[in-house]
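Written below as C-alpha cells is the structure these notes are about.
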Amino acid sequence: MVTLFSLLLTPLFTPSSHASEANPHSISFYPVALNHTTYITNTTQGTHGGIYSAPAHRASDPDHDDRYNYCTMPHPRPETYVAPEPVANGSVEATLVYVEYMQRHQRRTPYNLLPERQDQEYTCDDVHPHIYAAPAPDKHNPAPIPVYGQTYTDPTNPFLTDTIPGTCQYPQLTKGGILDGYQHGRDLRDVYGGDNPLPDAGPSSQVWLRASSSALTQGSAGAVLRGLWPDYNGKIALRRQAEGIDTVDSGFTCAARDRVLEQMKGARAWREHLGVTMLLREELGKMFSIGWEKEEGAWMTSFDHFADAFQARVCNGYRLPCRAKKEGEKEGDNCVTQEQAEEVFRAGDWEWNYLFRGSDLAREYIQLVGSLFIGEIVRRLEAVGEGRRDWVYSHNFVHDGDLGPVLGALGIKALRWPGMAANVAVEVWRADGDHEAFYARVLYSGQTVETIHGPMEWMPLGELLEILRGFVLGDIVSMCQD
Ligand SMILES: *[C@@H]1O[C@H](CO)[C@@H](O)[C@H](O)[C@H]1NC(C)=O
Ligand SMILES: *[C@@H]1O[C@H](CO)[C@@H](O)[C@H](O)[C@H]1NC(C)=O
Ligand SMILES: *[C@@H]1O[C@H](CO)[C@@H](O)[C@H](O)[C@H]1NC(C)=O
C-alpha cells in the first residue's frame, strides 16, 4: 500500500484532464481571460456561463450543471458528490475523518442603496429577524418572548430618504436566501452525514460552528444548521469573536491592509480597468445622479457598489433597478440594461481576480486580510494530521471577503467574485495502511478546486498545509501597524 501511495502523489501536479472544455462548471468558474481588461469590455462574454437570477420568496432551483451562480453558488450535494478519484476507483482505501467547511452567507438585500428613488419596492415582510436576548436557562426565570424586527418608515422622519420603497433593513437576508440555506444544509447532511464525520442528531463536542459578528452570517447559520439537523430541538451556541477584533470580515484594524489596497488601486492595471469602463460608469452615474464627489466616489472607483445594488435585485426575483421616471422621460431611459449589468458583473469579477490573484501585491494583501483566519484553519488541520480527534466537522459562516483570501492562498486558477453561499470544503481523508497517512481534497462550490498547483483532488495533507502556511504571518500585529 505504501508504495502505491507514493505513486499517487504525482496526479496532483499533472494537468487536469477533467477540466475539459466540455464541463459547464469549469467553463463558468475559470474564465481564461479574466486577468485581462478585455474580459470586461468583450460583450460576447456575456455572463461567461454564469447565472445571475433567482426567484423571489422561494428557494433557488438546482442547476444540473453546477455552474457559477452569483445568487446561489453550487455546493456539495448527493447528486454530484463523488469520493476523491483514488478512493472512488478503489486503488486506495481511505476514510473521511474531517471536514473544514466555510461559506459566504446566503442571498440578501443590498448593502449599497442607489441614491435616486427607484420604481420597484423591496419587501421583507416574509422574514422575521429575531432580536431577543435570554438569560442562560435557569429554573427561576422564564424564557423571553421571541420578538423580531419589523422595519417601517415614518414619513414624518425628516431624515427619510427612502430611495427604495419597502420594508427591509438593508442588507438583511431575504426569504429566498433563508430557504436556500435550508437546502444547503440538507445537501451537506446527505453528503457528510451517515458514515461520514458529520453527526446525524445534532452538534457534538467535536463540531465547531462559527460565524462573523454580522446578522447576515448568523441568520444564515440558523437556516443551514436546520438543514443539517432537521430534528434537533435544542439551541446551538454559535461561536463569534468580538466585533472590533474579529479575524473575519475585516474585524481587526490594519493600516497596512488599507495601504496595500490603496497601492493596488493605484497600479496601472487597476487604472486601465477604470479607463475601459469610463463610459459605463458615466452612464450609470447619470442615471442615478451619482457624481465624483467624495461621498459618492466609492460608486465610481470600483464596481463593488453597482454590482451589489444590481445583484440584490436580480438575485431576489426583481428586475434590474430603474430610477423613478422623471417628467417627459422616455420609457427605458431610466433603467439599467442587461448589457450594462453584465459588464458591471464582469468588471466585478475582474476586480476580485486582480485583488487576490492578478496583482503583484496579491500575496501581501491576502496575508494582511486572511492571515488570522487561514491560521485558525491551519491549526485545526494540523491537529487532525497529528491524529487528534478534537474536531470532526467545522462550519464557518463568513463573507466573500474571507473566501477571496482563502481561494487566493490556494492559488485558484481564476477567481470570480465568490457569490452568495460560495463555499470551500477541505476534506481530510485517512488512508488505511501500515501507518496513518492523511490526504486532503479541496472542493470549491462542490467541485475539486483548480489551482496553479493542479486540481486539489488528492494531496498529502502536509502539502496543503505547506501552501497555506505561506500566507500566515508570524507577527500580524506589527505588520498591520505599518
Ligand atoms: C493571465 O492568465 C493566463 C492564464 O493563467 C496567463 O497565461 C497569463 O500570463 C496571464 N496574463 C497576465 C497579464 O497576467
Ligand atoms: C471575446 O469573448 C469571446 C467569448 O469568450 C471570445 O471567443 C473572443 O475571443 C473574445 N474576443 C476578444 C477580442 O478577446
Ligand atoms: C485511480 O485513480 C488514480 C488517481 O487518478 C490513478 O493514478 C490510478 O491509476 C487509478 N487506478 C485505477 C485502478 O484506475
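First listed ligand is number 1; within each ligand, the first listed atom is number 1.
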Quick one: do the Glu342 and Tyr52 side chains pair a donor with an acceptor below 3.5 Å?
-> no
Would Gln103 and Gln106 count as having a side-chain donor-acceptor pair, cut-off 3.5 Å?
-> yes
Contact bool for atom 7 (O) of ligand 2 (protein heavy atom, d < 4.0 Å) | no
From atom 14 (O) of ligand 2, is the closest protein heavy-atom distance below 4.0 Å?
-> yes
In terms of atom number and element, which parts of ligand 3 are under 4.0 angstrom from non-hydrogen atoms of Asn89?
-> 1 (C), 2 (O), 3 (C), 8 (C), 10 (C), 11 (N), 12 (C), 14 (O)
Considering the options Asp187, Asp190, Asp66, which one meets the salt bridge (charged side-chain N to carboxylate O under 4.0 Å, His left out) requirement together with Arg77?
-> Asp66
Identity of the nearest option to atom 2 (O) of ligand 2, non-hydrogen atoms only, from Thr38, Asn42, Thr44 = Asn42
Please find out if less than 6.0 Å separates the ring center of Trp350 from that of Tyr39.
-> no
So is there a nitrogen or oxygen of Gln45 less than 3.5 Å from a nitrogen or oxygen in ligand 2?
-> yes
Answer yes or no: does an N/O atom from His48 fall short of 3.5 Å to an N/O atom of ligand 2?
-> no
Side-chain donor/acceptor of Asp308 to backbone N/O of Asn112, under 3.5 Å | yes
